[in-house]
Amino acid sequence: MFEEPESLDHLVQRIARQAREASYGVAVAKTEHKNAVLSRLATLIESSAEDLGAANEKDLAVGREQGLSKALLDRLALTPERIASMAEGVRQVASLPDPVGTEIGQLKPDSGIDIRKVRVPIGVVGIIYESRPNVTVDCAALCLKSGNACILRGGREAFHSNQALAALVRQALEEEGMDSNAVQLIPTTDRTALGFLLKQDQYVHCIVPRGGEGLIRYVVENSNIPVIKHFEGICSLYLDSEADLQMAREIAVNAKCQRPGVCNAIENLVVHRSFAAAHLAEIAQALANEGVELRADVEAGAILHRAGIGYRTAAEEDWSTEYLDLILSIRVVSSADEAISFINRYGSQHSDSIITTNEATARRFLRAVDSSTVYWNASTRFTDGYEFGLGAEIGISTDRLHARGPMGLEELCTYKYEVHGKGEVRK
Ligand SMILES: NC(=O)C1=CN([C@@H]2O[C@H](COP(=O)(O)OP(=O)(O)OC[C@H]3O[C@@H](n4cnc5c(N)ncnc54)[C@H](OP(=O)(O)O)[C@@H]3O)[C@@H](O)[C@H]2O)C=CC1
Ligand SMILES: N[C@@H](CCC(=O)OP(=O)(O)O)C(=O)O
């Protein structure tokens, strides 16, 4: 008998329902059981390196054919080292303390009841992300360890890589006797499926969109489910009048050049007038030596011109543009307060840093810059779950409720009150 193919909305609804059903089991799974799945997954990733490389090569070939930029191809690529570090990341997550069941508060009201505030998983988390295959594994591992089921929707360019990785996650779950529907991938690049997912508030408790403006706007406008936005990174480095020159140079180069295609790389270099007069030429030269295209305001431009360093004049939109490339805008300011205002106006509340030897100035900057992560004398490139010791991250939340900055195991939990009584009744 001829069977009608399942429609896309039914498919997405089935995935969401299956995830909810699986979530009850994962929520109460023992730590050792979850760790056994993660350990199995790490081994499977290592032993499947060749197959993962082949699936990734399919994606890369299409990406090259479609003219993806160098930065995007770099994001998409799964090298043997990256495959090994994915497995390592999964083992790290296994070694982290289990957040589920942790007591985070206690109340003892006069009635005599004993109230404990206890961490519990959110439930089902839907994650929509860019074409970076390791995100599939990071999110699956973090959701599993925090007792959540997840529904993953990666970027179209990484479709084959993601399918291969998700199959390994599901194999690990099955082999360790856990419901494999705890981790599911939306099996199509058709964006219509996303629209259906955003309506599954009956089954899905939280949506995390990692991406640019189009994605965030689409999700916020169409979701019936609470959203934690993981938006772009327009990050700034401010070099104060009392900055150490060598530190300023090394951090500027690191924050721009170490991996320019990621959201925690800087797009703006904000420089105090007196520091600029003395040292901007040297710092700009170090950046130019790394191939960075400089876009300068009039004052910075005059300094670069005198030093014979090439630049373009920055336009107004440069201050709020995320290049994700070797391009940097330079702005001269007359005070730390002006730098703070600039960052709060043009930044995306992601990661911003001040370089200074003056503690009072640094403290003012740390308080006043309204971003998820603020730095004093360090590179913005550290905004990363692994670097923060969280094992991995769901992403960098640029939202305010309830997660901010790298979102790890604790942020994947909410809480409940457990009330222990001895027969008390309310008077
Ligand atoms: N804060 C954080 O943690 C992170 C922030 N980012 C930011 O993401 C941005 C760039 O990433 P990029 O790779 O271009 O990601 P995009 O925003 O283009 O894509 C990310 C995901 O969103 C989907 N998507 C994009 N636009 C829409 C839309 N209008 N409607 C529905 N779905 C959409 C994509 O699907 P499809 O494959 O169909 O295009 C993909 O799955 C940068 O600004 C970067 O800083 C990236 C990662 C982490
Ligand atoms: N975790 C990252 C930063 C966040 C991220 O994933 O950014 P992106 O490469 O823009 O998807 C890192 O520094 O490695």
Side-chain angles (χ1 to χ4, degrees), residues 59 62-63 66 68-69 71-77 82 85-86 89 126-139 142 151-162 185-186 188-198 207-223 227-235 254-267 320-325 347-351 371-373 378-399 403-408 411:
D59 288 331
V62 177
Q66 290 178 345
L68 280 195
S69 73
L72 289 184
L73 285 170
D74 171 64
R75 245 200 209 162
L76 179 57
R82 286 185 187 172
S85 86
M86 260 192 308
I127 305 159
I128 306 157
Y129 50 98
E130 73 281 19
S131 295
R132 203 207 239 236
N134 70 293
V135 179
T136 303
V137 168
D138 289 352
C139 290
L142 287 169
I151 301 173
L152 306 174
R153 200 291 190 179
R156 63 181 63 244
E157 296 88 353
F159 188 67
H160 297 101
S161 314
N162 287 339
L185 193 70
I186 298 281
T188 169
T189 55
D190 184 345
R191 284 189 184 173
T192 322
L194 262 183
F196 295 132
L197 177 64
L198 300 178
I207 294 285
V208 174
R210 293 176 46 137
E213 198 169 348
L215 169 69
I216 303 291
R217 194 176 322 109
Y218 176 76
V219 170
V220 168
E221 283 172 6
N222 290 285
S223 183
V227 174
I228 301 180
K229 300 189 277 298
H230 285 45
F231 190 33
E232 64 184 7
I234 299 165
C235 306
N254 178 267
K256 180 69 244 179
C257 309
Q258 196 240 358
R259 202 166 172 193
V262 291
C263 54
N264 53 26
I266 55 165
E267 313 298 347
S320 50
T321 299
E322 188 194 38
Y323 304 113
L324 295 173
D325 208 343
S348 63
Q349 303 180 357
H350 191 296
S351 301
S371 298
S372 88
T373 313
S379 169
T380 55
R381 283 284 293 116
F382 283 110
T383 308
D384 172 71
Y386 183 82
E387 294 290 339
F388 272 31
L390 303 176
E393 79 204 359
I394 293 295
I396 316 292
S397 165
T398 49
D399 226 328
R404 229 180 165 194
M407 184 173 172
E411 292 74 27

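Quantities reported herein were computed from a predicted structural model and do not represent experimental measurements. Counting convention: from 1, in listed order, for ligands and their atoms alike.
Residue-ligand proximity, Cys263 to ligand 1, at heavy-atom distances under 4.0 Å covers atoms 2 (C), 4 (C), 5 (C), 45 (O). Set against the non-hydrogen atoms of Glu232, the atoms of ligand 1 under 4.0 Å away are 7 (C), 43 (O), 45 (O). When each atom of ligand 1 is checked for a heavy atom of Gly214 under 4.0 Å away, the hits are 28 (C), 29 (N). Within ligand 2, counting atoms from 1 as listed, the ones closer than 4.0 Å to a heavy atom of Arg381 are 12 (C), 13 (O). Of all the atoms in ligand 1, the ones that sit under 4.0 Å from a non-hydrogen atom of Gly395 are 3 (O). Per-residue contacts place Gly233 under 4.0 angstrom from the following atoms of ligand 1 (heavy atoms of the residue considered): 45 (O).
The option from Tyr323, Tyr129, Phe231, Tyr218 that lies nearest to atom 41 (O) of ligand 1, judged by heavy atoms, is Tyr129. Within the set Gly155, Gly211, Gly154, the minimum heavy-atom distance to atom 7 (C) of ligand 1 is found for Gly211. The heavy atom nearest to atom 11 (O) of ligand 2, out of those in Arg132, Glu130, His350, is found in Glu130. Closest heavy-atom approach to atom 26 (N) of ligand 1 within the set Arg153, Arg75, Glu221, Arg191: this belongs to Arg191.
With hydrogens and angles ignored, the 3.5 Å screen pairs a side-chain donor or acceptor of Asp59 with a backbone N or O of His160. Side-chain N or O atoms of Ser348 include one that pairs as donor or acceptor with a backbone N or O of Ile234 at under 3.5 Å. One N or O on the side chain of Thr398 and one on the backbone of Phe231 form a donor-acceptor pair closer than 3.5 Å. Glu130 contributes no side-chain N or O that, together with a main-chain N or O of Gly211, makes up a donor-acceptor pair within less than 3.5 Å. Side-chain atoms of Lys229 never come within 3.5 Å of backbone atoms of Arg210 as a donor-acceptor pair (strictly under, hydrogens ignored). Ser131 places no side-chain N or O within donor-acceptor distance of the main-chain N or O of Leu76, the cut-off being under 3.5 Å. When atom types are taken as modelled, the side chain of Arg153 and the backbone of Thr189 share a donor-acceptor pair closer than 3.5 angstrom.
Of the protein's heavy atoms, Asp384 OD1, 3.5 Å lies nearest to atom 2 (C) of ligand 2. When hydrogens are left out, the protein atom nearest atom 3 (O) of ligand 1 is Ile396 N, 2.7 Å; that is the closest non-hydrogen contact. Protein heavy atom closest to atom 23 (C) of ligand 1, with residue, atom name and distance, is Leu215 CD1, 3.8 Å. Shortest contact from atom 42 (C) of ligand 1 to any protein heavy atom: Glu322 OE1, 2.9 Å. Looking from atom 16 (P) of ligand 1 to the surrounding protein, the closest heavy atom is Gly212 N, 4.0 Å.
With a 6.0 Å radius and a threshold of 12 heavy atoms from other residues, nucleotides or ligands, Glu213 has its CD atom at or below the threshold. Within 6.0 Å of atom OH in Tyr386, 12 or fewer heavy atoms from other residues, nucleotides or ligands are found, so the atom counts as exposed in its surroundings.
Between Arg156 and ligand 1, a contact under 3.5 Å exists for at least one N or O pair. Checked against a 3.5 angstrom limit, the closest N/O atoms of Thr383 and ligand 2 fall outside it. Residue-to-ligand polar distances keep Leu72 apart from ligand 1: every N/O pair is separated by 3.5 Å or more. Here's the thing with Cys263: one of its N/O atoms is less than 3.5 angstrom from an N/O atom of ligand 2.
Within a 4.0 Å radius of atom 19 (O) of ligand 1, the protein has no heavy atom.
Looking at Asp399 and Ser397, their side chains never bring a donor and an acceptor atom within 3.5 Å of each other.
With a 4.0 Å heavy-atom cut-off, ligand 2 is reached by no atom of Arg259. Residue-level proximity to ligand 1 for Glu130 is carried by backbone and side chain together, each with a heavy atom below 4.0 angstrom. In Asn264, the part holding a heavy atom less than 4.0 Å from any atom of ligand 2 is the side chain. Counting heavy atoms closer than 4.0 Å to ligand 1, residue Leu194 contributes side-chain atoms (C-beta onward) but none from N, CA, C or O.
The shell of residues lying under 4.0 angstrom from ligand 2, judged by heavy atoms, includes Arg210. Heavy-atom separations between Thr398 and ligand 1 are all 4.0 Å or longer. The shortest separation from a heavy atom of Glu387 to ligand 2 is not under 4.0 Å, leaving the residue out of contact.
Counting all heavy atoms, side chain and backbone alike, Cys263 lies closest to His350 at SG-NE2, 3.3 Å. Minimum heavy-atom separation, Glu232 to Glu322: CB-OE1, 3.3 Å.
When the side chain to side chain donor-acceptor pair (under 3.5 Å) test is applied to Thr136, the partners found at least two apart in sequence or on another chain are Tyr129, Asn162.
Under a 4.0 Å N-O distance rule, the pair Arg82/Asp74 qualifies as a salt bridge.
Considering Ile207, Ile127, Ile128, Ile186 as possible partners of Ile151, the one that fulfils the side chain to side chain contact (heavy atoms under 4.5 Å, CB included) test is Ile186. Considering Thr380, Asn264, Thr383 as possible partners of Ser351, the one that fulfils the side chain to side chain donor-acceptor pair (under 3.5 Å) test is Thr383.
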